[in-house]
Structures are given as structure tokens and as C-alpha cells.
Amino acid sequence: MRTDDLHLHVRGESTYVDDLPSPAGCLVALPVGSPEAHGRITKLDVGGALGGSEVVTVLTAADIPGQNQIGAIIQDEPLLAAEEVHHVGQPVALVLAESLAAARAARKQVVLEIDPLPAVLDPREAAAQGQLLQPARTFAIGDVDAAWESCAVVAEGRVETGAQEHFYLETQSALAVPQEDRTLLVHSSTQGPTAVQKAVSLALDVPMHAVEVDVRRLGGAFGGKEDQATPWACLAALGADHTRRPVRLVLDRADDVVMTGKRHPYSSDFRIGLDGDGKVLAYEVTYYQNAGAAADLSTAILERSLFHSTGSYHVPNVKATAFSCRTNITPNTAFRGFGGPQAMFVIEAALEKGARALGKPLHQVQRANLLNEGDVFPYGMHTEDCKAIRCWEEADAVFGFADLTAAAARHNAAHAGTKKGVAVMPVCFGISFTNTALNQARALVHVYHDGSVNVSTGAVEMGQGVNRKMRSIVAGVFGIDTGRIRLDTTNTGRVANTSPTAASTGSDLNGAAAKLAAEMVCARLLQVAAKKLDADTGELAIAGGIVVRDGAPTELGWDELVQAAYWSRTDLSAHAHFATPDLHFDKTSEKGRPFAYHVYGTAVTEVTVDCLRGTYRVDAVRLVHDLGRSIDLATDRGQIEGGLVQGIGWLTLEESDHDSEGRLRHDTASKYKVPDFDSVPNVMDVRLLEDPNGRAVLGSKAVGEPPFMYGIGAWFALWDALRAAKPDLNAVHTAPLTPERMLLLLAGEED
Amino acid sequence: MMELRLLLNDRPVVLRAAAGRSTLSWLRETRELTGTKEGCAEGECGACAVLLGEPTADGIAYCAVPACLLPLGELAGRHLVTIEGLNHPDGLGPVQQALVDQGAPQCGFCFPGIVVALTGYFLTCGRPDPVAAVAALDGNICRCTGYASTVRAVENICRELAPHLNATSTRVADLVTARVLPGHLNAAPRALSALAADAGSAPAATLVGGGTDLLVQRPDELAAAEVVFASCRPDLRTITRDLTDLIIGGAVTVSELGRHPDVAACLPDAPEMAARFGSTLVRNRATVAGNLVNASPIADLAILLLAHDAELVLERDGGARRLPLRAFYRGYKDIDLAPGEIVAAVRVRPPAAGTVTNFEKISKRRNLDIASVNGAAVLRVDNDAFAAADLTVGGVAPVPFVAVKTAAFLVGKPVTAKTLHAAADVLDQEIAPIDDVRGSARYKRLAARRILFAHALKTAPNLLSVEAFV
């Protein structure tokens, strides 16, 4: 089965954009970024850069034939800055040269003078100055104001969560190749081929049909290539259109880290009220999202924060308000969880503080408030087939929360130098694009007359295994081996108007479309078979590559059937469309049914802190995850483990911030630390709750994002250990909890 | 530009190139061997791992190194094996198969490097051990998988290969038999010896160690410079002992240092230092002299050797002088090294009997990270008092810092928590850390104190209790 990506990966034969052979005459493009966070461009002189014989040209905003605008939701982001710069690294020019070395040398010769303007880096300060991307949005249910007085305790606090660099191993890349009649083929490492196609067409002022975007696979994305692959593809296309030569643009790691956005830092205020039994009666929260210098996907991300403001809990009285704040850092963007993790961290922090005020163990308070069947979310949707309690109970039964807590307490009583901590983290995550219109997908299935099958969908393979799932789905419909099926590239010429592969929906949407398309061809094949076998189509099916009649194999095999169909002039191709049913949301009332379903799960995390050095280890994460019926178990397990570790990274090691001038401090791979082999939990015990889901293809459930939020448990387990060492410590809900912050807290030098 | 001959996978190659250019860009841009991936180009991700083979008396010795930190000049007369050179014409080797069986790769970008690094482990290990094999992946970053599936695969591979691997002297042949390596590796020693000798390098060329920092900090300069690599000087690559000292050649790699029995015997804290230094891939390139000459205030090896009061052997034009390492560092990146002079060797006197040595490193990530603060101690306790003390601290001054005053304060004092807290106050006066990306000055001061306490706890566990220090 040489068509499987895994075989290619381990042989180094998988092709990513930068592995494509250079077409004849290919140029190298290198963007010139702003050195200042905010200012007016007073001089942009590219003359000095043109000196080298290998330098072809340097393009600026004036060279863009169409719109100098790539903002997808709000039109506020130029492709190349013309008059002002709004963040460090913002592209202002594009060097085109015969070689990378020449482009690097030329870039140093571009003269860019900027008259600095005050830079705002803090989202609360931006909000105070009225720098908002949109008016504040509020999700509310019940009456919080009336509820406070019936609470036994009310706790308040402030929460800070940090940025997170995607650190996809393959950096942003594009290769644009001019075709005849001013059309372009663009190879882009993007999650959104149609977004790239549209942006290129607008920048070059050509119709979308003049731009073909092709995506084989991505070397990781995690949301970082949903919107932010677009500028690089547009710049490569601009260069190719301008020079009529192929142009390759591959950011090196240092440029990628500085020039692309990250997970949004949030600064939040909460107020939570509980009754004497630990039931949450009221929750009020305000989020200040640090959006960066342009909207990108920030408003959509903010919306998901609001959807997940109450985490896995039912709260009768809620008021959640969210500000999307414009600042002078690189526009922040989608990252696994899409605003959900930030909001879930805040409700967990609120519960932690509330439980402490009440003098109850946190996990008891968490358990008392878990969502139950039929509970209503602040956005008006009711839970259906709710698994929050079931996951929790199964995890408790298998792993024994009380035993783990008691073991940690025993250790802590006996050891001064190390402390152990335990935390339980329940997850509830809504599946669907919250922009209802995006919940559509298409697929194109060709059966060639030798019996091999080619499938194109709108889904982009980026390591999440969507192609494996597609193969499995189509093979299931046709009753043939997956080895007969090949997933073609994601190409705007074959499948049009794609939604980005995002929001964990890739296989739900595209899998459903692929299934429909395969079923259409299969139905035609069975008609041919019925004629040949003199049977009724209702009696027939294909299984194991053979037509079966009432369950018994016939002599008609797949290859012969396909041949017969072709020779009888049967259409062996089908294109199908799928739109998730029953979705609606009214942004005026902020009520509706935005999600097809929710994914649930519960993790328990154990950590050990070295109280002398402030370093720590995550000893174990054990979890029960609500998976539906798995289409590909190894893929799903990989998503759960990978998401979990990314989540732990966000809250522990991964620190990304700016100096007072708006320059990124952690600006290289040697300064930004993602989890490595050594820093992951010693034990990752993943148990699956397999129960078919009625609302997605083949009973499956989306798996991309939800596991990320198990990582939040690592922060609270570290906090638990810290409090074992320093019982009087007051909550400082700031993430990441780096070894630096840990040691300062242990020493009482930070509050 | 230099002309050099090498064996690239199964082919001899003659190449004219700048000696200082990175092998990664040459492989990808010139040779179109794109299985070797660029993830960071600074030795931080392992996606570009390749095997570098050097002829020895009985074959070729291979190790895995990052191609981004491998200057082309190092390829002369060597065997360079990329992922393409590890592939069988068809099908998968057992390392690859085990990874596929676990569904380990996701986006796939880092897996060629993981396959190469694992193969490097099996080429050099004793008996395959899953823990050590995973440790050998300390230079490989994967952002998708959370590593668990790869760890499961490594456990399976180790189990599968253990019966087939005999002595390391027959390792290549054993791995060919086990299909971990394709057959052409058996023919490599002959093919390598058949390469014509290279022309000598320019006499004025600058001698460079591994180049692991130069290729990150000054790649364009290195590519433009006339350089020659210390690995071509066998006399600089030995570890020997004389009557008094351990003598470590300047071109010895940190890997060689970390596993040499004489080093472990003389400097018990050296293996721990080596294990925390960079990653396996980087340690296979980084040299002793390079780490010392680079003069980073946080250099792990410098911090260790300064605590042992090591002495440098500096050579120029056939002449040599000796200089205490403590006199070598004059200011930030300012060293006592004349033009044309090289660090030929380091001489270290093993600590006296009864002395305890300890190396500590506090970094954000335990492995493959630069320390926020590191420190080494050579301490001796007699009659419950400090009889001798040498202390160094990195990351707290413009140079790798020798805490002379703190050490002097300790000598003669009873080993008590009170003494150590007072000593920590002296240390706090002595050091001058600054806020930077490795941590705030406040944090570094605190970490330096805690490192001092950790040294003392290791030295006199019966006299001190951790309660007094947390």
C-alpha cells in the first residue's frame, strides 16, 4: 500500500511545498519586515538592494495591481504596508532574487525609515483607548446581578494566559507558477485553499478561476495556516505575476516566528458565586483578547471564547463579555481550540478560587457542576447525549481520583524537597464552525476503469489523518480495500469554495461529502451489477471487493464490475455536497444551536515539583475521552496524545512575549521551547468512550481540538503541588507556569 | 572555495564549495535530496538529522548530526548518509516499519530526522535499550504527536533488534542483516578508501571546532571565510592521562567527552554535564575548544572546567603556552587568545580523594535548552566543615563566573544551613545577572542561591536537610 502517507513519511519521500523541484527560472522571494511596532513610513528606498546581479526586483505596495488588502473578516490588513506599520515584522516589501543568498543580502540593503508612533501592547490599555475590532459582545443567561446575594461565597480574580507559537515544523511556504493567459498555479502550505485563491485573485485583480491553488499536505498547521498562510501565498503570486517567473517563498524559522501570529493572549476578570453545596449560581466574566494589529480571525475566536465560557459546567446565571483589542503586535490567529482554551482556563481558575473560599476540594466542586443531559448553555443550546458526567465517572472509577489525591498528600507529608499535585480537568467542546455558513463541504470521487479510485475533497491533510479517514470512509462504501483508494491533492480546480480545514470539522464535513459521492457511484455500479447478475439492486452489496447477493459472494468482482460499468457507459464519477443540518445562531440575541454536537472527556493529571529548583515533571495524565465510533483508532489516539501535549506546553514551557518596544523576546527556536521527548508526561493513559455519535459521519466524533484542553489540568496540578509547599499562597492565575515563575512563587518572591 | 571528495549515500561525490556552508542547504538546493528537512536551521529540531561516517581502523564510525550545523568542509573523506541512503529500494526497514505500525507519524515532517537519529542510536549503542534510545531523540522535536506513539514504536524496535546486535565492531554488518541499513553500507569502507585524497587546505585558514554556534550566529561570514575544521587534526581529538592530569584534546566532541571512562573517573560530574549539554545531535558536533572559545557566559562545559580550575594548552606556529582557564575570560566574549592561536587541549587535575563534585543546570526545558543558570562545585568537607571549595555560576555575569568570594567564605565554616544562607548572601553580592530571555535577574539570583544549596545538599546529605532551603 504505497499510497499511505505514513510509508512516505518514514522514508522522507512525502512532498511539502519546499520539496517541490524548482521550475526553470524559479526566483526566491524574501519579505522585508518592519523593525518598528508602530509608525509612519517616511522612507522606503529599495535602490540599494537592486545592485546585485542576482537581484531581480524589489516590490512594494505600489506594485500590487489589485487590492492591497488581505483581511478576511474585517478589511484591515494590507498585504504590504504602504504608509504606516502596525507591528514588528509587518511586510513592507518583497525581494525577488535568483538565489536565497542573494535575496538575503539584498534584504539588508533595503532602506526603511519609520517615524515611530506610540505602540500599545496591552489589551486592557487598548480597550481603554477604544481600540476595539468590534463592539463588545455579551452572552448572558439568567440574572447574575440578582444571583449574587443568594450565594454562600463569591470569589473574584484576574487571569492571564499567554501567547502560543504554533511551531509547525514546516514553516509558511508557497510556490507560485505563472501559467498561460495570466493565470497562476499556487502551491501553498495552507489550511484554506479557497482563502488563498480569493486573496490572490483580489491582490492581482484577476477572477478566482485564474488562480489554481494546490495543496498536497502540510507539515503541521494547528490553525497557524488557516488565515496566515495567505499573505505568503499572495506575495509569491504577486512576484510571479510581476516577473512572469515562478517564485518560491519559504519563511525561515526566525522570520516565521516574528512575522506570523500566535494563540491570543487573554487578560480576564471573573466573579463567581457558589452556594453552600458548591453549586455555582452565578458567573460573570470579562475577556480582553489581545488581537494584535489586524483582525485576522480574532472576532471569530472571541466568539468561541464566549461559547465556552462555562466550560464543562452548567451555570444558571451567566454574563460573559468579550473585547477584541487591537494592539501593535503581530495579528494573532487560530490555534487549536480557537479561543476555547482561554475561556476554559478562566472558569477553572474561578472554580478553584470559589472552592477554596468554600473550603471544599476543587474536584468536588467541579463534579457538582458538571453538565447534565438537557442542561442549557448560556447561548441557548441544550446538551444532547451529554457525556460530561459519564466521562468523569468512568475516569474516577478507573483511575480513582481520591486515591491519587491521597497518594500525593502522603508524599507531600513525607517530603520537603518535592511536592506532588493532582488536578482533574473535564472538557466539553462544541463541534462546528461557529460561522454557520462554513459548515459545508464537497467531494469528488472518480472510479477509474481499472478499478482504482481517486478522491478529492476540500479537506487538507496536515497530519491529523483526514486522508486516512477519507480512504476508510470511501473504502467502506465501495466495499474494497483502502489500498485501491488514493487521496488526491486539495485543489481549488477540483473542489471549489472550500471551507478551511479547521474547527475539528475536516473529516466530519468532508467525510460526509465523500461518503455521499461514493454512494452515488456505488448505486450506479450496483445497477450494473443487478443487470449482470439478473438481481434486484436491493439484494446486492459490495464487500471484500466482491459483489455479494443477500450476503453471499457472487462471481462478480470489483474490477470486473467497474469494467462492465465503463463499457456500458456508466458515469463513474460523482461530486457531492454536504451541509451540517440543524445549525442556526442569531447574533442579535446571541442564542441558537451553533454546534452539531459536543465532545466530552475528563483527564486527571499528576505532577511533581522540585521545590529547591522550581523545575517540575508531569508524571501522568490519565483520561477518558468521548470519541464516538472511531474511523481510525491510531489516528485518533495520536490526536488525543498530541493535543494533550500541546496543551501542557501552552501552560508550562511555552512562553512568548514582547519587550516594551513590541519586539518578540522569544524569537527563535532556541528561545521558544515546545515540549520534547523528555518533557511529556511519563504516563499517558488514554481510555476511549466509544459510543456512536448520531450527528457525524459513521458515528464518529471530531477529535482535533478537544484534547488540547486536557492540558489545562497540568497548570492546576502544578498549582496544587505549589500550594502543598506554600499553603498560604494566594491564587495567581497566570499562565504559563514556567520553571521561573514556579521558583519565584515557591520562594515567595512573586505574587 | 575548496574541493572535497565524499561518499554521499552510495555514490562518491566531488564537490567544490565553501567549506563553511551548511550541508543542509547543499543537500536540499544542490543535490535535491529533500528528505532532509529544514525545521529551524539552528540545531533545535532534528528534522535535518543525517549520519556522518568517519573512517576508522576497522570500518566507519557513524553518528547522527544535524545537517544544518554540519559545514560542508567536514564532509571531506567522510560518508554522509541521508534518509534516502537509509531507504531500501522497496519496503521499509524495521525502524520505519515499527513507526508505521504504531501510526506514529502525523504531519510527517520530523520523521525522516527521527528515523536517522534512531538509526544513529542503533549504530552506536551497546545493547538496545528503550530508555537510552528515546534519550537519543533528545534533539528531535515533533509538534504533532506528543511522542507517545514513537516511544511505543521505539520499545518495539529495541525488543526486535536486541537479539541481532552483537559487538559494536560488527554493528554495520549486523544492522544490514537486520535490514535496518541497506546493503550499500557494507561496501562503504571500501568505497570511502577509494576516494582520492583531498588537496590540503589553505595554510591561512581559520581553525573551527564543530561550528555549531557559528553556523547559527554568523552563517554568511562562515560561508565566506577560509576555514578548516579541527576534526582533521587527530592530535587534537584524544583524551589521555599523564601522571597528574587528564588531557582533553580541543577537538574532542562533547559526546566523546561524556562517554569516555577516564573522564567519568576523573570528573564525576562531567557525564551529567554532557547529558544536559545541547542534544545528542549537537553533542556529536560540538567540541571542547569550541565551547570554551565561544565564551558564552552560560557555557555548560566552561562552567564545569572552571570549577575544576582547568588549564588550557594554547598552540601557535608549533609553539605552545599554558594558561589557567580562569585567566582566559577577560570580559564579555573577550578571551586571551592571540590571532592564529588555538585551544589545543585542556588539562584538568582530578579532584583529591574525598572531594564531591556537582553540576547543576536550571533551564526552562530540561533537555536541549540553554541554562537560565548553571553551576558547578568542587567541595570537600572535613570534620563537618568545608575544607575546600571551588564554585562557578553561569548566566550571572559577562563571563562564565568563578565565585571566588563565596568559595573563600565557605572554607573553614561549619556545614550548616546558616553557613550556606550566609554564603548565598555573599554569592548574591558577587554576581550581576541581567534580565534577558533566559530569565529575569531576580530569578537568576534566586536560582544561583538554590544551586549553591543543591551542591551542599549533595556534598553533605548527612549534615543538611532540604527543609532549610525551600
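Within every chain, numbering begins at 1; the chains are lettered A, B, ... in the order of the sequence lines, protein sequences first and strands thereafter.
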Using 4.0 Å as the upper bound for N to carboxylate O, is an ion pair formed by A:Glu170 and B:Lys37?
no

Most chain A-contacting option - heavy-atom pairs closer than 4.5 Å, from B:Pro112, B:Gly35, B:Gly39:
B:Gly39

Between A:Glu641 and B:Arg152 (salt bridge meaning N to carboxylate O under 4.0 Å), is one present in this structure?
yes

With a 4.5 Å limit on heavy-atom distance, are the side chains of A:Ser14 and B:Phe111 in contact?
no

In sequence, state the C-alpha distance, the side-chain angles, and the governing distance for A:Ser670 and B:Glu44, and then conclude on side chain to side chain donor-acceptor pair (under 3.5 Å).
CA-CA 6 Å; A:Ser670 60; B:Glu44 288 282 339; 4.6 Å; no

Give a yes or no answer on whether the side chain of A:Arg613 reaches the backbone of B:Glu360 with a donor-acceptor pair at less than 3.5 Å.
no

When rounded to the nearest 0.5 angstrom, what is the spacing between SG in B:Cys45 and CZ in A:Arg253?
7.0 Å

Using only atom types and a distance under 3.5 Å, with no angle test, would you say the side chain of A:His9 pairs donor to acceptor with the backbone of B:Gln106?
yes

dist A:Ser679:OG -> B:Asp138:CG (nearest 0.5 Å) comes out at 11.5 Å

Closest approach of A:Val10 and B:Asn87, non-hydrogen atoms and distance?
O-OD1, 4.4 Å

Quick one: which of B:Leu86, B:Leu137, B:Val134, B:Ile451 has the most heavy-atom pairs under 4.5 Å with chain A, could you say?
B:Leu137

Quick check: does any side chain N or O of A:Tyr16 sit under 3.5 Å from a backbone N or O of B:Phe109, one acting as donor and the other as acceptor?
yes

With a 4.5 Å cut-off on side-chain heavy atoms, are A:Leu20 and B:Thr34 touching?
no

Contact origin within A:Asp659 toward chain B - heavy atom pairs under 4.5 Å:
neither

Chain B contact via A:Arg468 - side chain, backbone, both or neither, heavy atoms under 4.5 Å
neither

Less than 4.5 Å to any heavy atom of chain B: does that hold for the side chain of A:Arg741, its backbone, both, or neither?
neither

Distance check, rounded to the nearest 0.5 Å: B:Leu446 atom CG versus A:Leu746 atom CG?
9.0 Å

Check against side chain to side chain contact (heavy atoms under 4.5 Å, CB included), A:Asp252 and B:Glu38
CA-CA 8 Å; A:Asp252 68 19; B:Glu38 177 171 328; 4.2 Å; yes

Heavy-atom pairs under 4.5 Å with chain A, option from B:Thr145, B:Val373, B:Leu368 with the top count
B:Thr145

Under 4.5 Å from any heavy atom of chain B, what part of A:Ser99 do you find: side chain, backbone, both or neither?
neither

Measure A:His415 against the heavy atoms of chain B and call it side chain, backbone, both or neither at under 4.5 Å.
neither

Got a salt bridge between A:Asp18 and B:Arg28, using NZ or NE/NH1/NH2 to carboxylate O under 4.0 Å?
yes

More than 12 heavy atoms of other residues, nucleotides or ligands under 6.0 Å from CZ of A:Arg663: yes or no?
yes

Donor-acceptor check, side chain of B:Gln96 to backbone of A:His7, threshold 3.5 angstrom: yes or no?
no

Check the surroundings of atom CZ in A:Arg665: do more than 12 heavy atoms from other residues, nucleotides or ligands lie under 6.0 Å from it?
yes

Got a donor-acceptor contact below 3.5 angstrom from the B:Arg365 side chain to the A:Asp676 backbone?
no

Does A:Lys108 come within less than 4.0 Å of B:Asp220, counting only side-chain N to carboxylate O?
yes

For the side chain of A:Arg217 and the backbone of B:Gly108, is there at least one donor-acceptor N/O pair under 3.5 Å apart?
no

Would the distance check show the side chain of B:Glu42 and the main-chain N or O of A:Ala669 forming a donor-acceptor pair, the cut-off being under 3.5 Å?
yes

Given a strict heavy-atom distance threshold of 4.5 Å, which part of A:Met462 is in contact with chain B: side chain, backbone, both, or neither?
backbone

Quick one: of B:Ile362, B:Ile370, B:Ile114, who has the most non-hydrogen atom pairs under 4.5 Å with chain A?
B:Ile362

In terms of the angle between their ring planes, are B:Tyr147 and A:Phe677 parallel, tilted or perpendicular, with boundaries placed at 30° and 60°?
tilted

Check each atom of A:Val645 against the heavy atoms of chain B and say whether the ones under 4.5 Å are side chain, backbone, both or neither.
side chain

Does a side chain donor of either B:Ser440 or A:Glu740 reach within less than 3.5 Å of an acceptor in the other side chain?
yes

Select one option (side chain, backbone, both, neither) describing which atoms of A:Leu218 are under 4.5 Å from chain B's heavy atoms.
backbone

Is there a donor-acceptor contact under 3.5 Å from the side chain of B:Arg143 to the main chain of A:Val674?
no

